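These numbers come from a predicted model, not from an experiment.
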Amino acid sequence: MVIYTNKNLSKSKKTGFIWFSMSTKNKIYLLLSIVVLLMTFVGIFQNFETVHFIGFETEVIWIPVWIGVVILPLLNLYEIAVNTDDYSKYYWLALLLNVISIFFILKYFEIELLS
């Protein structure tokens with residue numbers, strides 16, 4: 001018998017993994033979106049070591065930023081689409097922060113989507 005002291009955690013009976021409840025997941029996505037936005041600003045204003053990553057020459061800071069900018073909006077859109085019963089301002093706010101991060105990245109790397 002395992003006793004969990006945190007009310008936000010529950011253990012899956014099939015796999016044994018510990019899952020977060022819905023009230024915690026939206027806050028985690030919002031926190032990750034804030035971290036990615038802050039890392040975007042740090043990457044814009046600071047210089048870091050240059051590495052070769054998958055055939056591209058980039059600074060170290062941009063690797064987790066690109067991963068976050070690609071994955072987090074998809075996760076937020078999925079949660080918004082699946083959870084139509086309740087209105088979650090956390091997912092919408094996180095999605096807005098992701099769009100702001102994408103905008104700053106497009107401006108920094110001078111990527112023109114509408115030529």
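- Within the 4.5 Å cutoff, side-chain heavy atoms of Leu37 are placed close to those of Ile100.
- Two residues are said to be in side-chain contact when any heavy atoms from C-beta on lie closer than 4.5 Å; Leu97 and Leu30 meet this criterion.
- Taking all atoms of both residues into account, the shortest heavy-atom contact from Ala94 to Asn76 is CB-ND2, 3.5 Å.
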* Asked: Going through the distances and angles, do Gln46 and Phe41 end up as a side-chain contact (heavy atoms from CB on, under 4.5 Å)?
  -> CA-CA 8 Å; Gln46 295 288 323; Phe41 288 135; over 6 Å; no
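- To the nearest 0.5 Å, the span separating CG on Leu32 from CE on Met39 amounts to 10.5 Å.
- The ring-ring contact (aromatic ring centres under 6.0 Å, His included) test applied to Tyr108 returns Trp62, not counting sequence neighbours.
- Here the side chains of Leu77 and Leu95 are in contact, with some heavy-atom distance below 4.5 Å.
- Applying the 6.0 Å contact sphere to CZ of Phe103 captures no more than 12 heavy atoms from other residues, nucleotides or ligands.
- Taking the six-membered ring where the residue is Trp, the centroids of Trp66 and Phe56 are separated by 6.0 Å or more.
- When side chains are defined from C-beta on, Ser88 does not count as touching Asn83, because their heavy atoms never get closer than 4.5 Å.
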* To do: Apply side-chain contact (heavy atoms from CB on, under 4.5 Å) to the pair Ile63 and Val51, showing each step before the final yes or no.
  => CA-CA 10 Å; Ile63 297 169; Val51 295; 4.0 Å; yes
* Asked: Hey, mind stepping through Tyr29 and Tyr90 against ring pair (Phe, Tyr, Trp, His ring centres under 6.0 Å) and telling me if it holds?
  -> CA-CA 8 Å; Tyr29 286 174; Tyr90 293 110; over 10 Å; no
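- Taking the side chain as every heavy atom from C-beta outward, Glu79 and Asn26 never approach each other to under 4.5 Å.
- Linking Ile, Leu, Val, Met, Phe, Trp and Tyr residues whenever their side-chain heavy atoms come within less than 4.5 Å leaves Leu74 and Val99 in two separate clusters.
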